[in-house]
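Taking it in order: structure first as structure tokens, then the write-up.
Side chains are part of it too, since the values below use all heavy atoms of this structure and drop only hydrogens, waters and symmetry mates. In what follows, every chain begins at residue 1, and chains take the letters A, B, ... in the order their sequences are listed.
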2 protein chains.
Amino acid sequence: MALAANLKSNDRLYQDLARSLLAELSSGRYPVGSRLPAERDLALRYEVSRPTVREAIIALEVQGLVEVRIGSGAYVKRLPGEEDRPGFNVTAFELTEARLLFEGESAALAATQVTDADIAEIEVLVQRIAEENQDPNGTESADREFHLAIARVTRNVAVFNAIERLWDLRASSPEAALLHEKARHANVKPVVEEHSAVLDALRARDPNAARAAMRAHLSAVLEGLLFATEERALAAARKATQARRERYARATA
Amino acid sequence: MALAANLKSNDRLYQDLARSLLAELSSGRYPVGSRLPAERDLALRYEVSRPTVREAIIALEVQGLVEVRIGSGAYVKRLPGEEDRPGFNVTAFELTEARLLFEGESAALAATQVTDADIAEIEVLVQRIAEENQDPNGTESADREFHLAIARVTRNVAVFNAIERLWDLRASSPEAALLHEKARHANVKPVVEEHSAVLDALRARDPNAARAAMRAHLSAVLEGLLFATEERALAAARKATQARRERYARATA
DNA sequence: TTCGGCGAATTGGTATTACCAGAAAGTTTC
DNA sequence: GAAACTTTCTGGTAATACCAATTCGCCGAA
């Protein structure tokens, strides 16, 4: 099996082969620590030459996915999905808490920098969320765009990138994506209202109001998240986050 | 020239060769857009076989450093030093402003989560700054450790990573490093006092005081930064940042 | 002179074969 | 049963050949 027919053949052979091997890693066929077939065997199986197999394996090696031991074989070092960048495995709660802190300040700074053109752009994004209500993916995208647009208004690349990164982490965390989807379903209207409140604060160029509105919005998201967590019977997780939430709410009240 | 003697030969040949090519890219011999010698030429020059040359080039290609065009050659796509992660070119002002916003919240959250053990650890770090006064690198390192320790106390990995990333960006920005070094020289004692103020707020478990102390500290850093910028006769930059600073100060007053 | 096209030279893409060195497993020997 | 040897398997590297895509110069036509 696994002949040349499996290869897409738009790229070079080694790239196709690397992609195929990547897919096999993702499929769980070769768990971390296991050994890949010998180069000669892979060459036979995929009907390519051994140099081509070596090129594909080197491509995986450079990416840190496999480790080649001379005379022994190529061993799986890391699975494709497991990013090596730190902070990949953050909980949905941590991500949203971080957004609550950072995006609140982002909104406050944005209120001091915002222009009329910015406001017009953000108005469109607020509308889009309401319009794309029917399509879950659509609202997800529009929601992201709204928050990133505000971060962009700060005119601070470091601030923008930090917040964008939080969204990227959320996208790459299956748990977070799942929880947010569950949490958002019944909440599209409140989200629009809360976004509008932030927009109003920006219009008024009032940083404190913008911070408060953004924090109120993300506090609501956090609440929804905890509710969704509870629904999924993650009782243990809820216990920990609940205590934490109360402690933080009590301290900042 | 450039015989096998250039290769370190501890690793596999393709790795040595890739390292040699990387060094040549860094040396500016092959600027972005230029073409590398043909595989056959490289094989002759480095006294290796063409498959080995191909493996090395593929290693560079996977890293996004070169782009191989069939029938044409391998072209330099990106230089080794130039990180492709976004936000690499942020100004020192942007970085410190972002820290002012984010680390203020980090300190506030930390004040709600801090334990006695955390406080003991941070006390040591505050002391180290005063002690390592003579060694610029030492104070730089101790300064970083202090701020990251507080971020760690939040128990929020997303928060910690975001702040750590800001420090990493600062380290990789020559301009920021230079400016901070100039700005810090006469300010070690104030820094220790400001850090102590943050520590006191943590001891009191007072998030609002912690936020205020951290923001005051980073505001002072920002002032020093602007002063250093001025000293370096970056009048134009100062004009932009000055106006920005005033607008933000006026709005949040 | 200029422009278009054709063809040779160059370059990367891939396959084949061969041999070496390190590692692992099996066998023999004590 | 354990140690030493031997066989076998594995990756590392080299050499060669041929194909396909590109490039570029030559040449002829306008």
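Between the side chain of A:T96 and the main chain of A:A92, a donor-acceptor pair closer than 3.5 Å is present. Between the side chain of B:S34 and the backbone N or O of B:P31 there is at least one donor-acceptor pair closer than 3.5 Å.
Atoms CD (B:E39) and P (C:dG12) sit 5 Å apart, rounded to a whole Å. Between the C1' atom of D:dT13 and the CD atom of B:Q15 lies a distance of 14 Å, rounded to the nearest Å. With rounding to whole Å, A:L42 atom CG is found 13 Å from D:dG12 atom P. Atom CD in A:E55 sits roughly 16 Å away from atom P in D:dG11 (whole-Å rounding). When rounded to the nearest whole Å, the span between CG of B:L17 and C1' of D:dG12 equals 14 Å. One atom, CD of B:E67, and another, C1' of C:dG12, lie 13 Å apart when rounded to the nearest Å.
Residues A:A56 and A:A18 approach most closely at CB-N, 3.8 Å, considering heavy atoms.
No side-chain heavy atom of A:E47 sits under 4.5 Å from any side-chain heavy atom of A:T52.
Phosphate contact (OP1/OP2 of C:dA23, side-chain N/O of A:R69, threshold under 4.0 Å): absent.
Partners of A:Y30 by ring pair (Phe, Tyr, Trp, His ring centres under 6.0 Å), not counting sequence neighbours: none found.
Counted by atom type alone, B:E61 and A:Y14 present one or more donor-acceptor pairs between their side chains at under 3.5 Å.
Nearer the 5' end of DNA chain D, as judged by each residue's closest nucleotide, is the contact made by A:S72, out of B:Y14 and A:S72.
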Got a list of protein N/O to nucleotides 15-20 of chain C N/O distances below 3.5 Å?
from   : atom 1 : to    : atom 2 : distance (Å)
C:dA15 : OP2    : A:S49 : N      : 2.9
C:dA15 : OP2    : A:S49 : OG     : 2.9
C:dA15 : OP2    : A:T52 : OG1    : 2.8

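When the nucleotides C:dA24, D:dT13, D:dT22 are ranked by their closest atom to the side chain of A:R54, D:dT13 comes out on top.
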